[in-house]
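Below you'll find the structure, written out as structure tokens, and then a few comments.
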Amino acid sequence: MSLTNKTELASLITDIQAIAENKLSPQETHQLAAFFPIYFEETEHADLRRFSSLDLFGAAMAHFEFARKRLPGVQKARIYNPDFERDGWQSTHSVIEIVADDMPFLIDSIAMLLSRHNINLHLLVHPVLSVARNEQGELLSVKRTEDRHLPLESFIHVQIDRVSDAAMLHTLEAELNRIIADIRLVVSDEPRMREQLVVISKDLAKLKGARADEAREAVAFLHWMADNHFLFMGYCDYDLVEREGKDSLRIVKDSGLGILRHQGDKEYSTSFEQLPQSLRELAHQPQLIILNKSQTRSTIHRSAYIDFVGIKRLNDKGEVIGERRYLGLYTARTYHASPKDIPILRNKVMSVIHNCDFVDDSYKAKTLSFVLESYPRDELFEIPAEVLGPIAEGIVSLQERPRVRLFVRTDRYHRYVSCLVYVPRDSFSTEVRLKIEQVLLHAFNGSAAEFSVQIGDGMLARVHYIIRTQSAKLPTFRDSEIEAEIARVVRGWLEELHQLLVEAHGEEVGNALFKRYKGAFPVAYRDDFAARNALLDIQHRKRFRPTFR
């Protein structure tokens with residue numbers, strides 16, 4: 001902390017202490033004298049300056065009173081609108097107060113909750129304190145975290161956009177408590193999820209014969225996950241059974257851990273039950289490990305669709321009899337590592353390199369290596385090598401002749417379509433991105449779209465779209481037709497007119513006509529009419545000559 005900030009904090013605490021002496025008994029003032037400095041010392045001083053000392057005193061006091069009694073392993077959380085008459089302090093904002101065992105992911109998960117509801121955060125106070133309590137959970141003392149002999153507790157005070165609707169406040173508070181409870185489950189069950197990983201690895205290692213190599217790679221991947229490359233959020237074991245003439249995944253009783261520990265009265269995997277039988281039959285494929293995305297967004301740590309790792313259980317005949325399923329998120333380390341260093345991915349990469357068979361150290365070989373290293377990492381986990389190969393080779397060819405290209409991969413369960421779109425960098429803009437998104441939503445009957453953009457030093461911009469589909473049955477589509485429509489969108493009105501003129505009259509005449517008429521159509525015309533209308537207008541002009549030079 002800078003000297004200026006230390007001085008400002010000391011001045012603020014002096015003001016708060018003076019208010020305390022004026023409003024509290026000598027005993028309460030003495031008890032809280034050590035609390036105020038450690039409560040505010042990690043808070044952004046620029047944020048604190050926007051609030052009066054009286055309101056900060058009231059906020060700290062309200063939080064202290066809220067924390068007076070809490071049993072171990074039980075969080076306390078509330079969202080309310082402070083009222084001076086009722087609460088002894090006031091704020092123009094709504095307030096979140098939390099007292100809980102110190103756990104990871106609390107702050108980023110709260111931020112995600114607010115973002116989902118488009119609510120702005122105005123003040124964050126988050127001291128992690130060493131707290132002593134008696135057997136009844138009553139507060140005895142609060143100290144800085146240097147005292148590691150005492151349990152650590154997170155005190156979180158957040159001021160947000162004011163929410164006056166009581167039902168909305170209730171909804172937010174329920175979601176907040178559910179998120180904190182899920183974090184507790186994840187943190188408390190992580191050791192058991194890791195223990196289960198060891199058991200699964202030992203079972204896989206027993207496979208011999210033709211499955212031995214695949215099993216070794218699967219075990220290596222599980223060990224890689226455990227090495228801080230995967231945030232373990234949930235685990236469950238399922239039996240593959242027949243139910244009413246269809247395949248089903250039945251939950252093995254008491255096998256759930258983390259966010260899958262409490263599944264109510266559920267007996268079967270809900271996501272699996274929603275699939276048509278034709279896709280359920282994929283569960284019988286003897287592929288040992290399945291890497292995919294779930295249909296649920298994480299409410300913990302990072303707003304992303306939860307990663308799914310399924311490990312098949314086989315009987316003595318090699319038939320699939322069940323599935324062990326992990327849910328979680330790949331960590332940041334995963335996205336910075338080379339795919340050549342990640343089990344399973346390294347085999348895909350080497351398979352593609354081998355099948356492309358470019359000359360070692362040639363331009364194409366080096367380009368292919370770059371394409372694979374920079375390929376969207378989530379895609380690499382899911383895409384089969386036989387699908388990745390032609391796409392990677394197509395991207396390599398783009399470096400020699402940059403142009404609009406579309407590469408499509410459908411999810412194995414038809415829940416979404418992954419689209420890599422390459423656009424000349426000079427033609428790319430937010431407007432173009434949105435227009436391409438509409439083309440893809442229409443082509444795949446999509447319900448929603450997500451995107452990520454990569455613009456490097458080359459001549460192309462890459463946009464990765466995930467188009468969420470509305471059913472497990474995809475509409476019939478042709479990649480080439482969708483690509484042509486995207487190219488038309490990217491070209492823009494004038495470039496579209498140029499292309500049409502060349503197609504209609506040949507390169508020489510078309511170029512000459514474009515030079516003559518490209519400035520003849522005002523913006524208002526271009527907004528109301530397609531380029532093809534302009535082509536017809538040009539062709540009907542009396543001055544037009546097919547032999548124009």
Side-chain angles (χ1 to χ4, degrees), residues 193-194 196-197 200-201 203-204 207 211 213-238 240 249 258-260 269 271-272 275 279-280 282-298 302 304-314 320 322-352 372-373 375-389 391-392 409-418 420 464 466:
M193 287 190 267
R194 288 178 174 274
Q196 193 61 34
L197 204 67
I200 296 171
S201 297
D203 287 347
L204 288 172
L207 295 176
R211 309 304 300 273
D213 288 343
E214 184 186 359
R216 275 192 294 271
E217 192 69 1
V219 170
F221 185 80
L222 298 182
H223 289 167
W224 173 86
M225 285 171 57
D227 187 23
N228 295 319
H229 290 106
F230 193 80
L231 168 60
F232 294 92
M233 293 171 60
Y235 170 83
C236 197
D237 201 351
Y238 300 85
L240 180 59
L249 287 176
I259 60 175
L260 295 177
S269 167
S271 59
F272 194 80
L275 297 174
L279 294 178
R280 294 191 197 191
L282 294 174
H284 290 279
Q285 293 181 351
Q287 182 181 348
L288 287 180
I289 191 163
I290 301 295
L291 308 180
N292 212 299
K293 289 280 187 184
S294 79
Q295 295 175 281
T296 305
R297 272 195 181 275
S298 172
R302 192 172 77 241
Y305 283 92
I306 294 175
D307 292 296
F308 162 100
V309 179
I311 305 101
K312 301 290 183 68
R313 281 196 285 114
L314 310 178
V320 178
E323 180 182 291
R324 290 139 160 173
R325 181 178 296 180
Y326 278 98
L327 298 181
L329 294 171
Y330 293 111
T331 64
R333 291 182 64 190
T334 299
Y335 297 92
H336 294 122
S338 168
K340 294 177 182 177
D341 296 328
I342 300 176
I344 297 181
L345 268 61
R346 62 193 178 192
N347 284 357
K348 292 182 188 180
V349 167
M350 294 313 296
S351 173
V352 169
L372 295 172
E373 288 285 340
Y375 206 82
R377 187 54 45 90
D378 287 332
E379 275 294 286
L380 277 183
F381 281 112
E382 300 183 51
I383 191 169
E386 61 272 18
V387 177
L388 175 61
I391 292 177
R409 179 188 69 84
T410 57
D411 167 57
R412 64 187 278 126
Y413 301 115
H414 296 182
R415 299 167 302 178
Y416 63 86
V417 180
S418 172
L420 283 178
H464 181 205
I466 296 293

Distance col, row Ser294:OG vs Met233:CE, nearest 0.5 angstrom, shows 8.5 Å
Within a strict 4.5 Å, meaning less than it, do heavy atoms of the Leu240 and Leu249 side chains meet? yes
Distance-minimising heavy-atom pair for Ala392 and Val352: CB-CG1, 4.1 Å
Do Asn292 and Tyr413 get their side chains close enough for a donor-acceptor pair, meaning under 3.5 Å? no
Could you tell me whether the side chain of Ile311 reaches within less than 4.5 Å of the side chain of Ile290, counting heavy atoms only? no
Check for a donor-acceptor pair, side chain of His414 on one end and backbone N or O of Thr410 on the other, with a separation under 3.5 Å. no
Could you check whether any side-chain N or O of Gln295 sits under 3.5 Å from a backbone N or O of Arg415, counting only pairs where one atom can act as donor and the other as acceptor? no
Contact check, side chains of Leu291 and Tyr330, non-hydrogen atoms, under 4.5 Å: yes
Pairs satisfying salt bridge (Lys or Arg N to Asp or Glu O under 4.0 Å), at least one member in residues 336-350, at least two apart: Glu217-Arg346
With rounding to the nearest 0.5 angstrom, report the CD1 to CG distance, Ile342 to Asn347. 12.0 Å
Is the backbone N or O of Cys236 less than 3.5 Å from a side-chain atom of Arg325, with the two atoms forming a donor-acceptor pair by type? no
Would you please classify the geometry between the Tyr326 ring and the Phe232 ring as parallel, tilted or perpendicular, with 30° and 60° separating the classes? perpendicular
Under 4.0 Å between a Lys/Arg side-chain N and an Asp/Glu carboxylate O for Arg409 and Glu379? yes
Are the side chains of Ile306 and Lys293 in touch, meaning some heavy atoms are under 4.5 Å apart? no
Say whether, by atom type as modelled, one donor and one acceptor occur between the side chain of Arg377 and the main chain of Thr334 under 3.5 angstrom. yes
Residues Leu420 and Pro376: closest non-hydrogen pair is CD2-CG, 3.8 Å
Stepwise salt bridge (Lys or Arg N to Asp or Glu O under 4.0 Å) test for Arg313 and Asp203: CA-CA 9 Å; Arg313 281 196 285 114; Asp203 287 347; over 6 Å; no
Would you say that Asp378 contacts Ile466 through its side chain, given a criterion of any heavy-atom pair below 4.5 Å between the two side chains? no
Partner set under ring-ring contact (aromatic ring centres under 6.0 Å, His included) for His464, not counting sequence neighbours: none
Does the pair Phe381 and Ile344 meet the rule for a side chain to side chain contact (heavy atoms under 4.5 Å, CB included), with working shown? CA-CA 8 Å; Phe381 281 112; Ile344 297 181; over 6 Å; no
Are Tyr305 and Thr296 close enough, and set up right, to give a side chain to side chain contact (heavy atoms under 4.5 Å, CB included), and what steps lead you there? CA-CA 6 Å; Tyr305 283 92; Thr296 305; 5.9 Å; no
For the rings on Phe272 and Tyr238, is their centre-to-centre separation under 6.0 Å? no
Is the backbone N or O of Ala385 less than 3.5 Å from a side-chain atom of Ser351, with the two atoms forming a donor-acceptor pair by type? no
Quick one: are Leu388 and Leu380 in side-chain contact, heavy atoms under 4.5 Å? yes
With no hydrogens and no angle check, is any side-chain donor or acceptor of Ser201 less than 3.5 Å from a backbone partner on Leu197? yes
Check: Val417 main-chain N/O paired with Asp411 side-chain donor or acceptor under 3.5 Å: no
Over 60° means perpendicular and under 30° means parallel, so classify the ring planes of Trp224 and His229, tilted if in between. parallel
Under 3.5 Å, is there a donor-acceptor pair between the side chain of Arg211 and the main chain of Pro286? yes
Run the side-chain hydrogen bond (donor to acceptor under 3.5 Å, both in side chains) test against Arg412 and tell me which residues pass, sequence neighbours left out. none
Are any side-chain N or O atoms of Arg333 and backbone N or O atoms of Asp227, one a donor and one an acceptor, separated by less than 3.5 Å? yes
Taking C-beta and beyond as the side chain, do Asp307 and Phe230 meet within less than 4.5 Å on heavy atoms? yes
Spell out, as yes or no, whether a donor-acceptor pair under 3.5 Å connects the side chain of Lys312 to the backbone of Gln285. yes
Measuring only between side-chain heavy atoms, which start at C-beta, is Leu288 closer than 4.5 Å to Leu314? yes
Please walk me through it: do Phe308 and Leu327 pass side chain to side chain contact (heavy atoms under 4.5 Å, CB included)? CA-CA 5 Å; Phe308 162 100; Leu327 298 181; 4.1 Å; yes
